[in-house]
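All of these numbers come straight from a predicted model, not from anything done at the bench.
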2 protein chains.
Amino acid sequence: MTRPSGGALSARKQPRQARAHLTVDAIFEATIQVLLSEGLSALTTTRVAARAGVSVGSLYQYFPQKQALLFALLQRHLEAVSDAVCATCAQCRAMPLDQMSDALVHAYLDAKTRDIAATRALYVVAAELDTDDLLGAVARRNHSAIRDLLLSAGDRRVHQPDAVAFALSATLAGTTRAVLARDATQGDLAALRAELPVLCRAYLVARSGPL
Amino acid sequence: MTRPSGGALSARKQPRQARAHLTVDAIFEATIQVLLSEGLSALTTTRVAARAGVSVGSLYQYFPQKQALLFALLQRHLEAVSDAVCATCAQCRAMPLDQMSDALVHAYLDAKTRDIAATRALYVVAAELDTDDLLGAVARRNHSAIRDLLLSAGDRRVHQPDAVAFALSATLAGTTRAVLARDATQGDLAALRAELPVLCRAYLVARSGPL
DNA sequence: ACCTGAACACCGTTCAAGT
DNA sequence: ACCTGAACACCGTTCAAGT
């Protein structure tokens, strides 16, 4: 979807033969495995290549830098979450504001907690990269989907929908991260699932009036 | 304040002579400068030592690993923010809930935006470290200060104060981070300052009842 | 078109030698 | 007690040579 055009982090070249495609897939899979089992600090291009069963040279044929590998991984995850958010927004058009809020919270939390270990690993990965463009693109996509959703509410009118969509996005992403990024207990996660819907509902009601 | 007892990230030894104290101060100052001017990926123990005007060997005498240096920097920042939060909690005892909420939001945002470049740099730094213990200790301190504050509200009774303090902490830290971590415009920051008080007030009202 | 792996510059960390 | 800087193991990245 969002493909950095000619940026330093884009893949050096696309695989054109079946053999090459296998190589790229193996590298991706190996990257996730190394990340999960050894951690980012031990993630070495040599180690990834070895795990993938290819030479370092092959890895650098498709990913001009170690960061390009991590960037691609992060991009895939962020776009999957964004897809979930946008799909929910499409489904909830014209519903009452409360239901929209609950559905959105649920969809976001679900997407982020589907594989908590991977999500945590990617929080760490993201800090190592220049993610301004990627995060900006994903944020814009989510923002407009959420704003349009809010404007379609069947029972209330949301004031300043841009500011509210912005704050809602920051709240979903921020609170989830604050809880998951540290070694959250099962109880912490349960508390988040219980409180975040209340928080978002209350905010949206405060920022809206009768139709 | 929170000192990892014998952990791998604690300083190897404390400076005992005036000369040594100067060395440590110079290393700290150099670390911040390199972080701000070159970024984390270019932060090298050799570079920090050179900037500080000492040899690498001296650096390793006080910080057994590069991470110990970064850990100390992060610790100082987090404790400064926590001090601001706790001081505000102490001052706002027995006030109306709305005023508490506003004061808390204001204090947190102020502490985090006093030096935005440094805050952003430390978000990146934190991801490189094993911060579970540090974040846990700071979170516990903030949590109990906020919970006690909420319980002292003069006009309303907060239900499930632990869950609410938890969610409030995650909201303050999370939304602020979500905005600052990406290259936030002046407008983004203004939106956060405008919406976060509304968000927190609305949530606290939803989670409380009359006395 | 794709793959290999030795080679290069550089980094974190150590330690024998100094004051 | 503190400082120095050469030395070591290892990492990211390249490139000449292969199929």
Side-chain angles (χ1 to χ4, degrees), chain A residues 7-31 34-35 37-73 124-125 127-130, chain B residues 7-31 34-35 37-73 124-125 127-130:
Chain A
L9 292 184
S10 56
R12 176 170 285 173
K13 69 179 186 186
Q14 300 297 319
R16 299 195 174 282
Q17 294 183 359
R19 182 177 47 149
H21 207 77
L22 286 179
T23 300
V24 171
D25 281 350
I27 291 172
F28 269 121
E29 185 55 34
T31 306
V34 172
L35 216 43
S37 64
E38 326 256 350
L40 179 60
S41 60
L43 187 133
T44 280
T45 47
T46 317
R47 230 184 294 263
V48 169
R51 183 85 155 229
V54 302
S55 72
V56 237
S58 285
L59 188 154
Y60 277 90
Q61 211 164 13
Y62 300 101
F63 302 98
Q65 315 156 42
K66 177 181 157 178
Q67 297 179 336
L69 199 55
L70 302 174
F71 190 93
L73 226 51
V124 176
V125 163
E128 285 240 316
L129 305 172
D130 181 8
Chain B
L9 293 184
S10 56
R12 175 171 282 172
K13 69 177 186 187
Q14 299 297 319
R16 299 195 174 280
Q17 295 181 358
R19 181 173 51 148
H21 206 76
L22 286 179
T23 300
V24 171
D25 280 350
I27 291 171
F28 269 121
E29 184 55 33
T31 306
V34 172
L35 214 45
S37 64
E38 326 258 348
L40 179 60
S41 59
L43 188 133
T44 279
T45 47
T46 316
R47 230 183 295 263
V48 169
R51 183 84 156 227
V54 301
S55 73
V56 238
S58 284
L59 190 155
Y60 277 90
Q61 210 164 11
Y62 298 101
F63 302 99
Q65 315 156 42
K66 177 180 157 177
Q67 296 179 336
L69 199 54
L70 302 174
F71 190 92
L73 227 50
V124 176
V125 162
E128 285 240 316
L129 304 172
D130 181 10

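Stem analysis of DNA chain D (Watson-Crick or G-U pairs, both distances under 3.5 Å, runs of at least three) returns C:4-8 with D:12-16, C:12-16 with D:4-8.
When the C1' atom of D/dC11 is taken as reference, atom CG of A/Leu59 falls 13 Å away, rounded to whole Å. When the P atom of C/dA1 is taken as reference, atom NE2 of A/His21 falls 18 Å away, rounded to whole Å. The nearest whole Å value for the distance from the CD atom in B/Gln65 to the P atom in C/dT13 is 6 Å. If you take CZ of B/Phe63 and P of C/dT14, they are 15 Å apart, rounded to a whole angstrom. Atom CG of A/Leu70 and atom P of D/dG12 are 10 Å apart (whole Å).
Under the 4.5 Å side-chain criterion, counting only non-hydrogen atoms from C-beta, B/Leu35 is in contact with B/Leu73. Counting heavy atoms from C-beta on, the side chains of A/Leu40 and A/Glu128 come closer than 4.5 Å. Residues A/Arg51 and A/Ser37 meet the side-chain proximity criterion, which asks for heavy atoms closer than 4.5 Å.
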For B/Val48 and B/Val56, what are the C-alpha separation, side-chain angles and deciding distance, and is it a side chain to side chain contact (heavy atoms under 4.5 Å, CB included)?
CA-CA 8 Å; B/Val48 169; B/Val56 238; over 6 Å; no
Stepwise, does the side chain to side chain contact (heavy atoms under 4.5 Å, CB included) test hold for B/Leu69 with B/Thr45?
CA-CA 9 Å; B/Leu69 199 54; B/Thr45 47; 5.7 Å; no
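With hydrogens and angles disregarded, a donor-acceptor distance shorter than 3.5 Å links the side chain of B/Thr31 to the backbone of B/Ile27. The backbone N or O of B/Ala42 sits less than 3.5 Å from a side-chain atom of B/Arg47, completing a donor-acceptor pair.
Taken to the nearest 0.5 Å, the CG atom of A/Asp130 stands 8.0 Å off from the CZ atom of A/Phe71.
Only at 4.0 angstrom or more do the heavy atoms of residues 38-47 of chain A sit from any atom of DNA chain C, so none qualifies.
Minimum heavy-atom separation, A/Phe63 to A/Ala72: CE2-CB, 4.4 Å. Residues B/Ala26 and B/Ala52 come closest through the heavy atom pair O-CB, 3.5 Å.
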Walk along nucleotides 2-8 of chain D from 5' to 3' and tag each nucleotide B, S or - by protein heavy-atom contact under 4.0 Å, base first, then sugar-phosphate.
BBBB---
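For D/dT13, one of the phosphate oxygens OP1 or OP2 lies less than 4.0 angstrom from a side-chain nitrogen or oxygen of A/Tyr60.
Aromatic rings from B/Tyr62 and B/Phe28 are positioned such that their centres are separated by 6.0 Å or more.
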